[in-house]
Amino acid sequence: YESDAYKSTAEEVQAAFAAVCENSVYAHLEEIRQGYITVRGGHRVGICGKAVTDSGEIKSFREVSSLNFRIAHQLIGIADGIIDAVVSGSEVKSTLIISPPQVGKTTILRDIARQVSDKGFKCGIADDRGELAAMYGGSATNDVGAQTDVIDGAPKAAAIEMLLRTMSPKVIISDEIATERDVAALRLAAGTGVKIIASTHGESADEVAARRLLSPIIKDKIFSQAIVLK
């Protein structure tokens with residue numbers, strides 16, 4: 001019951017926010033602008049409050065009123081049931097993972113990365129939100145495979161382009177295709193022969209294929225298959 005719940009004070013919320021930022025808001029500004037901070041272990045803390053804006057864009061938060069702690073769970077082997085559809089002998093099939101929010105796209109994608117990498121395929125992860133590999137101090141705190149290179153905290157498209165230029169991956173892995181530039185970067189990767197494993201929100205493959213952003217790359221068969229999580 002609400003009457004039995006612990007009610008945080010404004011001071012406690014501010015203290016928790018400072019702890020999440022490790023007492024350096026400036027160091028986390030890029031994430032804060034997107035409404036969250038990713039902490040060690042890949043856990044994400046959502047932020048709400050009084051926003052500071054410039055030209056219609058959120059630049060920071062002056063007063064933080066609430067925090068939403070989303071605890072990440074690495075589940076080794078959760079992709080066992082679908083990995084044979086993704087890897088067939090010496091071939092990786094470009095795969096789009098589809099599911100509604102909070103059903104497990106990121107968790108599945110992380111384990112696919114681990115298994116594909118450990119099967120001998122050099123992988124590159126564009127981890128813009130730090131949730132897949134959960135890099136900390138230059139090391140991945142999640143197991144994403146023995147042959148996996150990670151660019152953490154950079155815009156997804158820029159990370160994909162840099163991985164292609166510098167790390168010669170056989171497979172590019174990225175969570176949540178969201179922008180036109182993301183799509184262009186995936187096209188670039190596919191054009192070089194690199195296989196792609198990515199995810200997007202959705203209830204069905206038909207719904208995703210009808211979206212303006214994704215329909216062109218679906219029609220052009222950038223992905224060999226889609227896997228829908230229920």
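Heads up: numbering here begins at 1 and tracks the sequence. Just so it is clear, the values below take in all heavy atoms, side chains as well, and ignore hydrogens, waters and symmetry mates.
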A.B. asks: Keeping the roles fixed (side chain from Thr179, backbone from Asp182), state whether a donor-acceptor pair exists under 3.5 Å.
C.D. replies: yes
A.B. asks: Between Arg181 and Glu161, does any NZ, NE, NH1 or NH2 come within less than 4.0 Å of an OD or OE carboxylate oxygen?
C.D. replies: yes
A.B. asks: To the nearest 0.5 Å, tell me how far Ser168 OG sits from Asp149 CG.
C.D. replies: 8.0 Å
A.B. asks: For residues 3-25, tabulate all N or O donor-acceptor pairs below 3.5 Å that involve a side-chain atom, not counting sequence neighbours.
C.D. replies:
| unit_1 | atom_1 | unit_2 | atom_2 | d |
| --- | --- | --- | --- | --- |
| Tyr6 | OH | Glu12 | OE1 | 2.9 |
| Tyr6 | OH | Glu12 | OE2 | 2.5 |
| Lys7 | NZ | Glu2 | O | 3.2 |
| Thr9 | OG1 | Glu12 | N | 3.1 |
| Thr9 | OG1 | Glu12 | OE1 | 3.4 |
| Glu12 | OE1 | Thr9 | N | 2.9 |
| Gln14 | NE2 | Val64 | O | 2.7 |
| Ser24 | OG | Ala27 | N | 3.4 |

A.B. asks: Between the main-chain N or O of Ala146 and the side-chain N or O of Asp118, is there a donor-acceptor pair closer than 3.5 Å?
C.D. replies: yes
A.B. asks: Using a 3.5 Å distance criterion without hydrogens, assess whether the side chain of Ser117 forms a donor-acceptor pair with backbone atoms of Arg114.
C.D. replies: no
A.B. asks: Please round to the nearest 0.5 Å and tell me the distance separating atom NZ of Lys230 and atom OG of Ser99.
C.D. replies: 9.5 Å
A.B. asks: Sort and list the pairs that fulfil salt bridge (Lys or Arg N to Asp or Glu O under 4.0 Å) and have at least one residue in residues 30-40, not counting sequence neighbours.
C.D. replies: Glu30-Arg33
A.B. asks: What pairs with Glu207 under salt bridge (charged side-chain N to carboxylate O under 4.0 Å, His left out), at least two apart in sequence or on another chain?
C.D. replies: Arg211
A.B. asks: Would you compute the distance between atom CD of Gln34 and atom NE2 of His28 and round it to the nearest 0.5 angstrom?
C.D. replies: 13.5 Å
A.B. asks: Find the distance between CD1 (Ile173) and CG (Asp127) and round it off to the nearest 0.5 Å.
C.D. replies: 10.5 Å
A.B. asks: Are there more than 12 heavy atoms of other residues, nucleotides or ligands under 6.0 Å from atom NZ of Lys170?
C.D. replies: no
A.B. asks: List the atom of Leu132, the atom of Asn142, and the distance in Å for their closest heavy-atom pair.
C.D. replies: O-ND2, 3.1 Å
A.B. asks: Rounded to the nearest 0.5 Å, what separates atom CD in Glu131 from atom CG in Asp175?
C.D. replies: 6.5 Å
A.B. asks: Is there a donor-acceptor pair closer than 3.5 Å between any side-chain N or O of Ser199 and the backbone N or O of Glu176?
C.D. replies: yes
A.B. asks: For residues 74-91, please give each side-chain donor-acceptor pair under 3.5 Å, one per line with the distance, not counting sequence neighbours.
C.D. replies:
| unit_1 | atom_1 | unit_2 | atom_2 | d |
| --- | --- | --- | --- | --- |
| Gln74 | OE1 | Asp143 | N | 2.6 |
| Asp80 | OD1 | Gln115 | NE2 | 2.8 |

A.B. asks: Which atom names give the shortest non-hydrogen contact between Gly49 and Ser65, and what distance separates them?
C.D. replies: CA-OG, 3.4 Å
A.B. asks: Any idea which heavy atoms bring Thr200 and Lys105 closest together, and the distance?
C.D. replies: O-CD, 3.2 Å
A.B. asks: Would you confirm whether Arg44, through its side chain, and Ala72, through its main-chain N or O, come within 3.5 Å as a donor-acceptor pair?
C.D. replies: no
A.B. asks: Tell me the closest heavy-atom pair linking Ser174 and Ala126, and the distance in Å.
C.D. replies: OG-O, 3.9 Å
A.B. asks: Which residues end up grouped with Leu96 if you chain together Ile, Leu, Val, Met, Phe, Trp and Tyr wherever their side-chain heavy atoms are less than 4.5 Å apart?
C.D. replies: Ile98, Ile151, Ile160, Met162, Leu163, Leu164, Met167, Ile172, Ile177, Val183, Leu186, Leu188, Val194, Ile196, Val208, Leu213, Leu214, Ile217, Ile218, Ile222, Phe223, Val228
A.B. asks: Can you run down the salt bridge (Lys or Arg N to Asp or Glu O under 4.0 Å) pairs that involve residues 185-198, sequence neighbours left out, and say none if there aren't any?
C.D. replies: Arg187-Asp220
